[in-house]
Amino acid sequence: MDYDELTHRIHALADGETDIVALMATLACEVHHSHDRFDWTGFYRVTAPGLLKIGPYQGGHGCLSIPFDRGVCGAAARLGEAQIVDDVDAFPGHIACASSTRSELVLPVRNGAGDLIGVFDIDSNRPAAFSREDATALAKILEKVFARC
Ligand code: SME
């Protein structure tokens, strides 16, 4: 996976943009199409205390609301830390939006002030599809892109 190329492309496309939805939509699209192990790629936004709502995404239908105390997305939002789940069936409270999902990576998304504005969720139909390298490279992209929001 060539993260240098993906990073370069996203920064070029997002250059000067500060609209959160425009940025989320562009990231979801670019990341989703960067590798065929990414079967669902998108954002959940913090819309009320303790609540995530679906944002821009690519892939099949995603659940509309996720409270912070549910699922992998809720854990990433609640703990403010990346969640790498090799086997979703072994994750207590995992929300199965698609029964084909086997593994997940969820990253917290913060604005320039450091406030949590959402999470970035990638689901794969392959088991253990995500590594620390994925988490680190994608977190770096998210940090830079949403710093201006
Ligand atoms: N599986 C996620 C829910 C989001 S969807 O799969 C798109 C979770 O447990 O947080």
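One-based numbering along the sequence shown. Values reported hereafter were calculated over all heavy atoms of this structure, with side chains retained and with hydrogens, waters and symmetry mates removed. Atoms within each ligand, like the ligands themselves, are counted from 1 in listed order. Given the structure is predicted, the values throughout are model-derived calculations rather than measurements.
With hydrogens and angles ignored, the 3.5 Å screen pairs a side-chain donor or acceptor of R45 with a backbone N or O of I54. Between the side chain of D39 and the backbone N or O of N125, at least one donor-acceptor pair lies under 3.5 Å.
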Check: every ligand 1 N/O to protein N/O pair under 3.5 Å:
from, atom 1, to, atom 2, distance (Å)
ligand 1, 1 (N), H94, NE2, 3.2
ligand 1, 1 (N), I95, O, 2.7
ligand 1, 1 (N), E104, OE2, 2.6
ligand 1, 6 (O), D123, OD2, 2.7
ligand 1, 9 (O), V72, N, 3.0
ligand 1, 9 (O), I95, N, 2.9
ligand 1, 10 (O), V72, N, 2.9
ligand 1, 10 (O), C73, N, 2.8

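M1 belongs to a hydrophobic cluster with Y3, L6, I10, I20, L23, M24, L27, V31, F38, F43, I84, L105, L107, V109, I117, F120, I122, F130, L138, I141, L142, V145, F146, counting contacts under 4.5 Å between side-chain heavy atoms of Ile, Leu, Val, Met, Phe, Trp and Tyr, direct or through other members.
Inter-residue side-chain proximity for K53 and L64 is flagged as unmet; no heavy-atom pair is nearer than 4.5 Å.
Scanning for side-chain contact (heavy atoms from CB on, under 4.5 Å) contacts around P127 gives R102, with sequence neighbours left out.
Applying the salt bridge (charged side-chain N to carboxylate O under 4.0 Å, His left out) test to pairs two or more places apart or on separate chains, those with a residue in residues 127-147 are R37-D134.
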